[in-house]
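Structure, as structure tokens:
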Amino acid sequence: AQSVTQLGSHVSVSEGALVLLRCNYSSSVPPYLFWYVQYPNQGLQLLLKYTSAATLVKGINGFEAEFKKSETSFHLTKPSAHMRDAAEYFCAVSGLGSGNTGKLIFGQGTTLQVKP
Amino acid sequence: DTAVSQTPKYLVTQMGNDKSIKCEQNLGHDTMYWYKQDSKKFLKIMFSYNNKELIINETVPNRFSPKSPDKAHLNLHINSLELGDSAVYFCASSQVEGASRAFFGQGTRLTVV
């Protein structure tokens with residue numbers, strides 16, 4: 001079985017500060033891990049994904065995430081927050097379990113607030 | 001061109017009615033999905049079709065019936081709507097091989113009154 005836990009439903013940072021959004025996963029098979037962003041009243045947009053090629057994954061808009069197997073974590077970071085980064089962020093896991101249907105299992109989401 | 005498009009974007013209807021949401025993808029993907037996002041923004045898969053064949057049905061009430069006329073379309077029909085069905089419904093598509101990214105539609109906000 002697979003699951004995802006995002007620590008912190010709401011994160012607030014100042015513009016220019018470091019962004020750190022936490023994600024821990026549970027998976028009995030090698031996982032594929034994703035971060036999606038949802039802007040208000042919009043669909044989900046992929047920020048980055050981990051597919052076992054490299055543990056440090058760079059995504060769009062200056063975001064990156066590091067896969068740490070020993071900690072079962074895939075935290076999302078950005079060195080300097082911008083006002084436009086304010087959105088809902090979702091960590092998700094998929095994998096080879098259940099015949100690799102491509103099904104995404106999402107965390108509960110983290111709302112990122114960026115203060116001027 | 002929109003990769004995954006759903007219609008309508010907003011849907012307000014009364015309890016007991018039957019409604020449909022349509023989804024189309026122009027990416028040539030083999031697999032399409034319906035996800036439900038509740039009022040707390042939690043996302044959960046409902047259904048998945050691969051080449052018009054149902055492969056995931058996540059214990060959704062049988063009032064919900066997906067239909068895939070071809071692999072580019074996956075519609076969601078809901079009978080006898082209930083207040084608890086109010087949510088945002090997202091359609092998505094992907095190629096299942098490896099860790100192919102899923103592309104999401106803009107969502108349909110369903111409000112049952």
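In what follows, chains carry the letters A, B, and so on, assigned in the order in which the sequence lines appear, proteins first and then strands, with residues in each chain numbered from 1.
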Residues, nucleotides or ligands: over 12 heavy atoms within 6.0 Å of B:Lys52 NZ: no
Is the number of heavy atoms from other residues, nucleotides or ligands within 6.0 Å of CD (A:Gln113) greater than 12? yes
Closest heavy-atom pair and its distance - [X], [Y]:
| X | Y | value |
| --- | --- | --- |
| A:Phe34 | B:Arg101 | CE2-CA, 4.4 Å |
| A:Asn41 | B:Lys9 | O-NZ, 3.9 Å |
| B:Phe104 | A:Leu44 | CB-O, 3.7 Å |

Name the region of [X], side chain, backbone, both or neither, that has any atom closer than 4.5 Å to a heavy atom of chain A.
| X | answer |
| --- | --- |
| B:Lys44 | neither |
| B:Ile56 | side chain |
| B:Gln6 | neither |

Hey, quick one: are [X] and [Y] part of the same hydrophobic cluster, counting side-chain heavy atoms closer than 4.5 Å, chains of contacts allowed?
| X | Y | value |
| --- | --- | --- |
| B:Leu81 | B:Tyr89 | yes |
| A:Val11 | A:Trp35 | yes |
| B:Val88 | B:Leu110 | no |
| B:Ile21 | B:Ile45 | no |

Taking every heavy-atom pair that is under 4.5 Å apart, which of B:Ser48, B:Ala102, B:Ala92 has the most such pairs with chain A?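 The answer is B:Ala102.
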Are any of the side-chain heavy atoms of A:Phe106 and B:Lys41 separated by less than 4.5 Å? no
Between A:Gln42 and B:Gln106, is any pair of side-chain heavy atoms under 4.5 Å apart?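 They are in side-chain contact.
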Does any backbone or side-chain atom of A:Gln38 lie under 4.5 Å from a heavy atom of chain B? Answer side chain, backbone, both or neither. side chain
Given 3.5 Å as the limit, does a donor-acceptor pair link the side chain of B:Tyr35 with the main chain of A:Leu104, or not?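 Pair found, side chain donor or acceptor close to backbone of A:Leu104.
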Winner by heavy-atom pair count (cut-off under 4.5 Å) against chain B, out of A:Gly107, A:Gly43, A:Gly109: A:Gly43
